[in-house]
There are 2 protein chains.
Amino acid sequence: MDVPLVLSHRLPAPVPLDELDECPVSDLLRRVGDRWSVLLIVLLGRRSHRYNELHRAIEGISQRMLTRTLRGLEVDGLVSRTVHPSVPPSVEYDLTPLGRSLLRPLSALAEWAVRHGGEIADARKAQLNT
Amino acid sequence: MDVPLVLSHRLPAPVPLDELDECPVSDLLRRVGDRWSVLLIVLLGRRSHRYNELHRAIEGISQRMLTRTLRGLEVDGLVSRTVHPSVPPSVEYDLTPLGRSLLRPLSALAEWAVRHGGEIADARKAQLNT
DNA sequence: CGGAATCCCATGTGATACTG
DNA sequence: CAGTATCACATGGGATTCCG
C-alpha cells in the first residue's frame with residue numbers, strides 16, 4: 001500500500017516500442033522537457049501575455065523558439081492564442097483550462113526538484129573526480 | 001491560498017538566461033524528458049536489473065542509448081551501478097534512495113498524463129483540420 | 001556479459017534577415 | 001506588433017562493429 005502508481009501499473013515484458021510511443025506520460029515529459037515550455041507555462045499561469053511581452057520577459061529566447069514553443073503548446077491544447085484584430089495587431093496567449101490543470105502536478109515535481117536539486121548537483125560534481 | 005507553488009514563486013523580470021540554466025526544475029525535466037529515462041526509472045523502481053535484462057525488457061532500445069541513459073542517471077545520483085566481479089561479469093542497476101524519492105512526484109505527473117492524455121491527443125488531431 | 005567506438009541521420013536551438 | 005524564412009550548429013538517437 002502507498003506504492004507510487006507508476007509502480008503498480010502493469011507493464012508488458014518486454015515493453016513494446018509502439019506502446020512506449022503512445023505512452024501519455026512519456027509524451028507529456030517530452031512535450032515539457034524542452035528548453036522553454038515550462039517557463040512559458042509558468043508565466044502564462046500567472047496572467048495572459050502578449051507575444052512581445054513574453055519575448056521581453058525571457059532573456060535569451062529567440063523569436064523562432066518562442067513562436068515554435070507557443071505553437072507546440074497550442075497544438076496540444078495547453079495554451080490558447082487569441083488574435084484581436086486591431087492596428088497594430090495584438091495577440092494574447094493564455095493557459096487553457098487543460099493547461100491550468102497541469103500546474104498542480106508540475107508543482108509537485110518542481111517542489112521535488114527544488115528540494116533535491118542540490119543532491120543532483122553534488123552527485124554530478126562527485127563524478128568529475130572519478 | 002491553494003495556489004500551485006510554481007506560481008507563487010517569485011520570478012525576476014526579465015528571467016535571466018543563466019538563472020534558467022541553473023533552474024533545478026528545468027534541469028530535472030530535461031534529464032527525464034528524453035526517450036528512455038522514465039521507463040528505466042520505472043523498471044528499476046520495481047526491482048534491480050542487470051544490463052542485458054534491461055536490454056531485453058525494452059524493445060527497441062539500442063545498447064548505446066541504454067548505456068548512455070543509465071550513465072546519465074547514475075551521474076545524477078538517481079541510479080546505482082554495482083559490478084560483481086565474476087566470470088562472466090555481472091552488473092546490477094538499481095534506484096538510489098534519491099531516485100526512489102522521485103517516484104512519487106513522477107507518479108503525480110503520470111496520473112495527470114493518463115487522465116488528460118486523451119484531451120491532448122484530441123487537441124492535436126483537431127489542429128490537423130485547420 | 002557488459003559494454004565502447006564509429007558513423008550517420010533527425011531534431012532542437014540560435015542568429016539573422018525579412019514581412020503583412 | 002507578431003511573426004516567417006533561411007541557414008548553421010549542437011545534441012539525441014540508431015546501426016554496426018569491435019573488445020576484455
Side-chain angles (χ1 to χ4, degrees), chain A residues 14-18 20-21 23 26-27 29-40 43-44 48-76 79-94 130, chain B residues 14-18 20-21 23 26-27 29-40 43-44 48-76 79-94 130:
Chain A
V15 178
L17 190 49
D18 52 347
L20 181 60
D21 285 336
C23 171
S26 294
D27 193 65
L29 282 168
R30 302 206 75 172
R31 147 88 300 170
V32 142
D34 63 358
R35 193 162 171 67
W36 307 108
S37 287
V38 187
L39 181 53
L40 283 175
L43 286 176
L44 294 178
S48 71
H49 285 71
R50 296 178 58 175
Y51 181 86
N52 275 334
E53 198 176 6
L54 288 171
H55 196 198
R56 282 187 302 267
I58 306 177
E59 181 181 301
I61 193 172
S62 62
Q63 282 195 332
R64 174 181 153 79
M65 284 316 295
L66 178 54
T67 301
R68 275 186 50 120
T69 308
L70 285 170
R71 287 285 190 278
L73 293 170
E74 188 194 359
V75 165
D76 283 1
V79 161
S80 68
R81 176 176 181 271
T82 310
V83 183
H84 298 99
S86 55
V87 184
S90 158
V91 179
E92 288 266 328
Y93 290 93
D94 202 347
T130 56
Chain B
V15 178
L17 190 50
D18 52 348
L20 181 60
D21 285 336
C23 171
S26 293
D27 193 65
L29 281 168
R30 302 205 75 171
R31 147 91 304 180
V32 143
D34 63 356
R35 193 165 171 65
W36 306 109
S37 287
V38 187
L39 181 53
L40 284 175
L43 286 175
L44 293 178
S48 70
H49 285 71
R50 297 178 57 174
Y51 182 86
N52 275 334
E53 198 176 6
L54 288 171
H55 197 195
R56 282 188 300 270
I58 306 177
E59 183 181 302
I61 193 172
S62 63
Q63 282 194 332
R64 173 181 151 80
M65 284 317 295
L66 178 54
T67 301
R68 275 184 48 123
T69 307
L70 286 170
R71 285 286 190 278
L73 293 170
E74 188 195 358
V75 164
D76 282 2
V79 160
S80 67
R81 176 175 180 272
T82 311
V83 182
H84 298 100
S86 55
V87 184
S90 158
V91 179
E92 288 265 326
Y93 290 94
D94 202 347
T130 56

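By convention in this document, chain letters (A, B, ...) are assigned in the order of the sequence lines, proteins followed by strands, and residues within each chain are numbered from 1.
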query = Are A:Pro16 and B:Glu59 close enough that some pair of their side-chain heavy atoms sits under 4.5 Å apart?
reply = yes

query = Heavy-atom distance under 4.5 Å between the side chains of B:Asp21 and A:Arg35, does that happen here?
reply =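 In short, these two side chains touch, coming nearer than 4.5 Å.
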
Nearest whole angstrom, please: distance from the [atom2] of [N] to the [atom1] of [X].
X       : N      : atom1 : atom2 : answer
B:Asp21 : D:dA10 : CG    : P     : 17 Å
A:Arg50 : D:dG3  : CZ    : P     : 10 Å
B:His84 : C:dG3  : NE2   : P     : 13 Å
B:Arg71 : D:dG12 : CZ    : P     : 16 Å
A:Leu66 : D:dC1  : CG    : C1'   : 13 Å
A:Asn52 : D:dA2  : CG    : P     : 5 Å
B:Leu70 : C:dA4  : CG    : P     : 11 Å

key: Sugar-phosphate only, base, or nothing, as touched by B:Ser86 at under 4.0 Å among non-hydrogen atoms   = nothing

task = May I ask you to evaluate whether A:Tyr93 reaches the phosphate of D:dG3, defined as a side-chain N or O under 4.0 Å from OP1 or OP2?
result =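 Yes, because at least one side-chain N or O of A:Tyr93 sits under 4.0 Å from OP1 or OP2 of D:dG3.
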
ask   = Mapping A:Pro88 and A:Thr67 to their closest nucleotides on DNA chain D, which lands nearer the 5' end?
value =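 With A:Pro88 and A:Thr67 compared, the 5'-side residue is A:Pro88.
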
remark   = Nucleotide by nucleotide, nucleotides 8-20 of chain C touches protein heavy atoms under 4.0 Å in the pattern (B base, S sugar-phosphate only, - none) ----SBBB-B--B

key: Chi angles and distances behind the side chain to side chain contact (heavy atoms under 4.5 Å, CB included) call for B:Ile61, B:Leu54   = CA-CA 9 Å; B:Ile61 193 172; B:Leu54 288 171; over 6 Å; no

request  = Kindly determine whether A:Val79 and A:Leu40 satisfy side chain to side chain contact (heavy atoms under 4.5 Å, CB included), including the steps that lead there.
outcome  = CA-CA 9 Å; A:Val79 161; A:Leu40 283 175; over 6 Å; no

request  = Test A:Leu20 against B:Leu39 for side chain to side chain contact (heavy atoms under 4.5 Å, CB included), laying out the working first.
outcome  = CA-CA 9 Å; A:Leu20 181 60; B:Leu39 181 53; 4.0 Å; yes

Cut-off 3.5 Å, no hydrogens considered: what does the side-chain donor-acceptor table look like for residues 87-94 of chain A, sequence neighbours left out?
residue, atom, partner, partner atom, Å
A:Glu92, OE1, A:Ser48, OG, 2.6
A:Tyr93, OH, A:Arg71, NH1, 3.4
A:Tyr93, OH, A:Arg81, NE, 3.2

